[in-house]
Every structure is written in structure tokens, then in C-alpha cells.
Amino acid sequence: MANIKFFSGEQVPLEMHKVKIVQKLDLLPVEHRLEAMTEAGNNTFLLNNKDVYLDMLTDSGVNAMSDRQQGAMFIADDSYAGSETFNRLKNQLKEIFGMDFFLPTHQGRAAENILARTFVTPGSIVPMNYHFTTTKSHITLNGGTIEELVIDEGLKVTSEHPFKGNMDIEKLSELIETHGADKIPFVRMEAGTNLIGGQPFSLENLKAIRAVCDKHSLLLVLDASLLADNLYFIKQREAACRHMSIREITLELASLCDIIYFSARKLGCARGGGICIKEEQVYNRMRELIPLFEGFLTYGGMSVKEMEAITVGLDETMDEDMISQGPLFISYMVDELSKRGIPVVTPAGGLGCHINAMEFLSHIPQKEYPAGALAAALYIAGGIRGMERGTLSEQRNPDGSERFSDMELLRLAVPRRVFTLSQIKYAIDRITWLYENRKLVEGLVFTEEPATLRFFLGRLEPVSPWQEKLVKQFRKDFGNSL
Ligand code: F0G
């Protein structure tokens, strides 16, 4: 049974946890925020956390741990090989996913490295609902290409579709007909599709993909990093699953896959990663790479303390109260911003609230990175650190031209159990002010542009002194307040 708590007739979400440990935060004056942004090359990745009030960069590795997770960290069995900590994690994964084999990795992209090295060869084509940055890089590094087959609705910023992360089954069949199954090492589905707004796929869609994979003897790989949100949405939005428990949905979903890999910086609310595998021969193909790249087979580069926290975190992920918290806060934020006419991705997804920078800053051309400019502006306006998810996060075409992304989004991640509702309200307030003053915001240009994953380390500058004007307006409207 759905067990979601609200109060006061309004759809105000109620936290089903209490705060036990806190971290002091600072809110720098706006002038200092402008200085910090300039020093960071207008790249929110390069800000120092001490200068940030609300860190909405990501939900990766920054989710709040529970008392049970922290308690479990004390019983970690620290041995290089054969630790009981590993057995506990492996057993927990077996209980949740029903798969017999598990390879630990130090985080999600390390699992992608192992998968790509094992299965992808020059000329391989990997169909997927949508790419994630590190996934695509590992596949292309090994000579493969990716094909994004998300349903057309998935790329519409605003929509009523409950499962915008679904794959278009016809497109998948056509792709296999055109290129032949031999070229396809596996089909990849990403839960809670990160780059298009944390949008879920349905269990029904995964079943249909499984049927196509069976027809052509293809492996089905699930990226389960954002599975917690996806599970919540399946339970809430998929009529056939309404009466199933989260555990039942998880088991059924996992039974359709051959491999499930994940970032435990997200799934399990700790830090690490891993690959669960159904068949022994598939496991054996990957196994030897773990000691080479990660660490011995019973820790894979993770600290045993974190492994204990993941084990408990995975168990807690089967609790609807736990997995609903992020999506409910995000939905509150999306609804409140929508009411104010601010363009956001709908329906609300998991991971965070996604602002449509293409419309918010419609006067900025894509070549001047509207989502990057919005990220810089929001930090200056509120000390809020978001992440650009648009053209800056793309790689240039081989001829050096820009590859414009399908969407220009500013992602404001809502890490699980971290923020209070008044902090979310503060973010809404500052975004609203910025929207009212959006015409002051202009674009950015690169001053230093790395060749791969340029969004991590690239540096940019404003095309004009628009940021000083923004600070002046802030002072005019807010007086001496921060
Ligand atoms: N797959 C998905 C869907 C992810 O969201 C991430 C990470 C990874 C793989 C890689 O995992 O970071 O543990 O190596 N996403 C982070 C983010 C970085 O901020 O969205 P990792």
C-alpha cells in the first residue's frame, strides 16, 4: 500500500526521519559569491564547498546516512580477502535482485569501465534509452557507439507522460534489423534517466525490451544507480504495480535483466559500486578485470565501512517512506516553480528539480551555454550550487563544432534526507527572483576547454559584465540581506 505522508490539506511533504547530526553552513554575501564564481571559472564543479550554502550539485555520495548505516560501519570486517563485510553485501544484493554473482567496484563508472572493456569492441553499437556522460565515454573509448532510443515524449521538456525514460521498442527492433544483433554487445536501460530530468521507465517497458532481447539472444544491462526513484515512480504511476511491494517490484524488474550495475554513491546512500550478474559464464568474463582495475574481488576498491553502509542502505531502499522523500521534495519544488511560471521539466522526476534554461534564458544562444550561465547566475543570486546539464556537458564533434544537446537544463539535485523544506523554499524564492531579472543574465565563453568531459574542469567567462549588474540589482532589491 502506498504510504505517503502529507499535511494541512496542501501537498506539503512530511519528513519520515529526524535530524541527528548537523553540519554548519555559511551564506556568503552576494559580492563574495561573485568573487568565488569568478575564481571557479564560472564552473560550479570548481567552487569550494565552504563557499556554498545549498549544495545541489549532485545526489552522488552526499545523501544523509541513517543511524543504522552508521552503526553498521563499526562492525566492518577489515580483511583483504574473504571479508564477512563482502559476504553481507553480496547476500543483501542477492536478496534484493535475486542474482547469484557480484563484482564490487569503487564506484559506478568503474563498473562501466569493466563492462565496456569486456563487451564493447570497435564497431559495437550499444542501444540505450539515454546515455549518461561516463557511460558514453567508456563505450566510445573502447571503439563503440551508442544509440539513444528513448521515446519521443522523453525529449519533450514538459509532458504528462508518466514514464519518459521508456525505450521505443519499435526503434530497438529496427536498429537490430538494420545492423544485426552481432554488432550489439548488450542493450542498456538506465533507471531514473539522469540527463533528461531523472525520468523513470515502466516495468511494462522493461518486459517488452526483454522480449526483444530474447528474440535476438541479447544481454540486457540495467544501470540501477537511480533505481530508488524509479521504483517509487513505478509503484505510484504504474497501475499494475500499485499493489506490489517495493521488494516485489525490484525482484520482478531484476529478473528481466542479465546484469545490473550501480553507483552506490546513489543507490544505497553511501559510496562505492558494483555489478550483479545472473549467469556464471558472464561473471567469469568480467571477473579478472576487478583485481586489475579495482582491488581484490572482496572489496573492489571500496572501504569495508562503506560496504557495510551500502548493505544497510540497500535494505532501507526497500522502504517506501525512505525512497519517497527525494521525489516528494522534488515534486514540491517543481510544482511551486511551475505555479510561478518558471519553466521546469515535467512531470517531476527523481534526482532533482530540472530548470529548462533554453526557455528561462531564451535570449541566450546555445553556443553561449544558457544552462551554464544559469548555474553561475543562481550561485551568485543565492549561494546555491547546481549542475549544468546541457551543451557544456556534451563533447564537441570530431570536426570541432559544437554538439548542441537536446535539452539545456540546470539540475538542482535534492540529495536524499539532506535538506529541510525551508531550504527548498529558499531555493524557490531565489530562483523566482532570478526569473524576474532573467534579462540581466547573458552567456559564457570558454577560456580553458579540456578535450574530454570538459564540464568537470573547463573554465569560462561571461560574454559581458552581466554578473556585476546582477549583483547591483540584488543589492537594490534585498538591501543589506545576504
Ligand atoms: N550511471 C548513472 C545513471 C549515474 O547517474 C552516474 C553518476 C553513474 C552511472 C556513474 O557513477 O559517479 O559512482 O562513478 N552520476 C553522478 C551525478 C556523477 O552527479 O549524476 P559514479
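First listed ligand is number 1; within each ligand, the first listed atom is number 1. In what follows, every heavy atom counts, from backbone to side chain, and hydrogens, waters and symmetry copies are set aside.
Taking every heavy atom of Glu112 and a limit of under 4.0 angstrom, the matching atoms of ligand 1 come to 1 (N), 9 (C). For ligand 1 and Gly108, the ligand atoms under 4.0 Å from any heavy atom of the residue are 11 (O), 13 (O), 14 (O), 21 (P). Listed by number with element, the atoms of ligand 1 under 4.0 angstrom from any heavy atom of Thr134 are 10 (C). Of all the atoms in ligand 1, the ones that sit under 4.0 Å from a non-hydrogen atom of Glu190 are 3 (C). Short contacts between ligand 1 and Arg109, defined as distances under 4.0 Å to a heavy atom of the residue, involve ligand atoms 10 (C), 11 (O), 12 (O), 14 (O), 18 (C), 21 (P). Close approach of ligand 1 to Thr58 is summarised as follows: ligand atoms under 4.0 Å from at least one heavy atom of the residue are 17 (C), 19 (O).
Taking each of Arg271, Lys266, Gln107 in turn, the one with a heavy atom nearest to atom 16 (C) of ligand 1 proves to be Lys266.
In this structure, Ile260 CD1 and Leu93 CG are separated by 9.0 Å, a value rounded to the nearest 0.5 Å. The distance from atom CG of Leu149 to atom NZ of Lys171, rounded to the nearest 0.5 Å, is 7.0 Å.
The protein atom (non-hydrogen) at minimum distance from atom 13 (O) of ligand 1 is Ser263 OG, 2.6 Å. Remark: minimum distance from atom 6 (C) of ligand 1 to any protein heavy atom is reached at Phe132 CE2, 3.3 Å. The nearest heavy-atom contact from the protein to atom 1 (N) of ligand 1 is Asp223 OD2, 2.6 Å. Regarding atom 5 (O) of ligand 1, its nearest protein heavy-atom neighbour is Asn194 ND2, 2.8 Å.
Side-chain contact, Glu388 with Ser393: a donor N or O sits under 3.5 Å from an acceptor N or O.
Arg389 forms a cation-pi arrangement with Phe455, by the criterion of a distance under 6.0 Å to the ring centre and an angle within 45° of the ring axis.
Only side-chain heavy atoms of Arg411 come within less than 4.0 Å of ligand 1; its backbone N, CA, C and O stay farther off.
Contacts of Ser303 classified as side-chain contact (heavy atoms from CB on, under 4.5 Å), with partners at least two apart in sequence or in another chain: Lys305, Glu306.
In this structure, Tyr53 has its ring center under 6.0 Å from that of Tyr426. A distance below 6.0 Å separates the ring centres of Tyr80 and Tyr299.
Note on residues 86-101: pairs passing salt bridge (charged side-chain N to carboxylate O under 4.0 Å, His left out), not counting sequence neighbours, are Arg88-Glu308, Lys94-Asp100, Glu95-Arg247.
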